[in-house]
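Structure, as C-alpha cells:
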Amino acid sequence: MPNQLYFEDISEGQEVTTLTQHCDSQRLVYWAAGSGDFYQIHYDKDFAQRTGLPDRIVHGALKHALLGRMLHEWAGDEGRVKRVACQYRGMDMVEKDVICKGIVTGKRSQDGENLVDVEVWTETPEGQKTTPGTATVSLPSRS
Amino acid sequence: MAQPKARPEPAEGASVITDKMRAQIGVESEPLTFEVDKTACRMFARAVGYTDPIYFDEEQARSNGYRSIPAPVGFLGHPVYNPNAPQRLGGYFRTDTPFKRILNGGTDIEYFDTICAGDVLTATSKLVDLSEREGRIGPMLITVTETTYRNRDGKVVARMRGTGIQY
C-alpha cells in the first residue's frame, strides 16, 4: 500500500480514513465461514425472526474485524494494529453499509514503539453509532 | 427446528448469579489448540473485505517482513474441530442460568506479537466478571471472559476479552 503514515505525521484530533463496507447476506456467509461462527441469526431470516429480531443482523465480531481493517489500511505497510476493543451497543441489519470511523486521541512512545491511540466506532447509514471502541496502532518513525 | 428448552423466568429483583457461578470466576480452563492456516487467513481476510496482498500472497507477505501470511485483526486461529471430542472455551455455566438467548456484547483483542500462518496457538480461558443489568431487552446477565493465546515457545501473543450478554 502506498502513502506510508509516520508517527510524526500524527496529531490529536486527526481523522482515520473512513471505511465503508456493505454487509449483504453473502458478506455475512463469508464471515460465518471465515470466522467459524455459524449462529443462524446472521444468515437465516426465519430463524432470526423466531428469536424476536426484525431480520438478520451483522455479526459483532465482523464489525470488530472491520475496525481492524480500517486501522490496518490507514497505518500502511509498516504500521501494526496492536489493540482493538469495541462494544456492540446497537444492531446493524443485513443489506446495509457499516461505516467505520476513527479519531486520534493521543500518541506516546513506549518500550521502543511509537503508539497512536484512536477512538473508533461504526455507524449506520442513518448516523447511529452502534459499535464504540478504542484502539492502538504502532507506526514507524521518520527518524 | 427444536425449540429451546423452557427454563424458569428469573424472579423479579432476584439475582440469577449463584454461588456456583461466582465460584467459576478466575478458574482457568483446560488449554485448547488453535491452528492458524494460510487458507483460513485468506478466508478471514476475504470475509472482512481486505485487498492488501499480504493476506493472500505469501511471497508478498514475506517481502513486507512477515514470516508468512499474517492473521488479520480478529483472527486467532480456528480450534481443531472434532465432533467426536467436543470441547470449547467458555460457556461453562450457560445451562445454569434462566436465560434462553445470548448476544455478543463486545470484543477487546490486544496483540503482543504478530500471528502468522503456520502458528499453532494454545489458549486458556477464564471468566473474569459476572454482572446483572436491566436493559431494553429485559434482565441481562453480563459475562466477561479472558482468553490468553500462547505460541509454541510459550510466549503470550494475544489476549482477548469477550463480553457475553445472556437475556
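Just so we're on the same page: letters track the sequence lines, and every chain starts at 1. Remember, predicted model here, so these are calculated numbers, not experimental data.
- At a 4.5 Å heavy-atom cutoff, B:L76 makes no contact with chain A through either its backbone or its side chain.
- Between the OH atom of B:Y111 and the NZ atom of A:K82 there is a distance of 11.0 Å, given to the nearest 0.5 Å.
- In terms of heavy-atom pairs under 4.5 angstrom with chain B, the leader among A:L66, A:T131, A:L19, A:L62 is A:L66.
- For the residue pair B:D52 and A:H72, a side-chain donor N or O sits within less than 3.5 Å of a side-chain acceptor on the partner.
- Within 6.0 Å of the CZ atom in B:R133, the count of heavy atoms belonging to other residues, nucleotides or ligands does not exceed 12.
- Linking ILVMFWY residues whenever their side-chain heavy atoms come closer than 4.5 Å, directly or via other members, leaves A:L139 and A:L115 in distinct clusters.
- Residue B:K38 places its NZ atom among 12 or fewer non-hydrogen atoms of other residues, nucleotides or ligands, all under 6.0 Å distant.
- Between A:D77 atom CG and B:Q60 atom CD the span is 7.5 Å, to the nearest 0.5 Å.
- The side-chain heavy atoms of B:T107 and A:Y88, taken from C-beta on, include a pair separated by under 4.5 Å.
- Counting heavy atoms of neighbouring residues, nucleotides and ligands inside a 6.0 Å radius, atom CD of A:E15 does not exceed 12 of them.
- Contact between A:R80 and B:T114 at its shortest, heavy atoms only, is NE-OG1, 4.4 Å.
- By the criterion of side-chain heavy atoms lying less than 4.5 angstrom apart, applied directly or through intervening Ile, Leu, Val, Met, Phe, Trp or Tyr residues, A:L53 is grouped together with A:M93 in one hydrophobic cluster.
- Considering A:Q87, A:R83, A:H64 as possible partners of B:D108, the one that fulfils the side chain to side chain donor-acceptor pair (under 3.5 Å) test is A:R83.
- With rounding to the nearest 0.5 angstrom, the CD atom of A:E73 is 5.5 Å from the OG1 atom of B:T51.
- Atom CZ of B:R46 has 12 or fewer heavy atoms from other residues, nucleotides or ligands within 6.0 Å.
- Across B:E110, B:R42, B:H78, the residue that shares the most heavy-atom pairs under 4.5 angstrom with chain A is B:E110.
- Follow the hydrophobic side-chain contacts under 4.5 Å out from A:V116 and you never reach A:Y6; the two are in separate clusters.
- The contact between B:F75 and chain A is made entirely by side chain atoms (from C-beta outward), counting heavy-atom distances below 4.5 Å.
- You'll find the side chain of B:L103 reaches within 4.5 Å of the side chain of A:M91, heavy atoms only.
- Side-chain contact check for A:V84 versus B:I109: every heavy-atom pair is 4.5 Å or farther apart.
- Expressed to the nearest 0.5 Å, how far NZ of B:K100 lies from OG1 of A:T51 amounts to 12.5 Å.
- Looking at heavy atoms from C-beta onward, B:V48 lies out of side-chain contact with A:Y30 at the 4.5 angstrom threshold.
- Chain A forms the most heavy-atom pairs under 4.5 Å with one residue out of B:G105, B:A40, B:A158, B:G162, and that residue is B:G105.
- No continuous path of hydrophobic side-chain contacts links B:L121 to B:I69 [ILVMFWY only; heavy atoms under 4.5 Å].
- Residue A:V81 is grouped with residue A:F7 when hydrophobic side chains (ILVMFWY) are merged at heavy-atom distances under 4.5 angstrom, including chains of intermediate members.
- Taken to the nearest 0.5 Å, the OG atom of A:S35 stands 9.0 Å off from the CE atom of B:M43.
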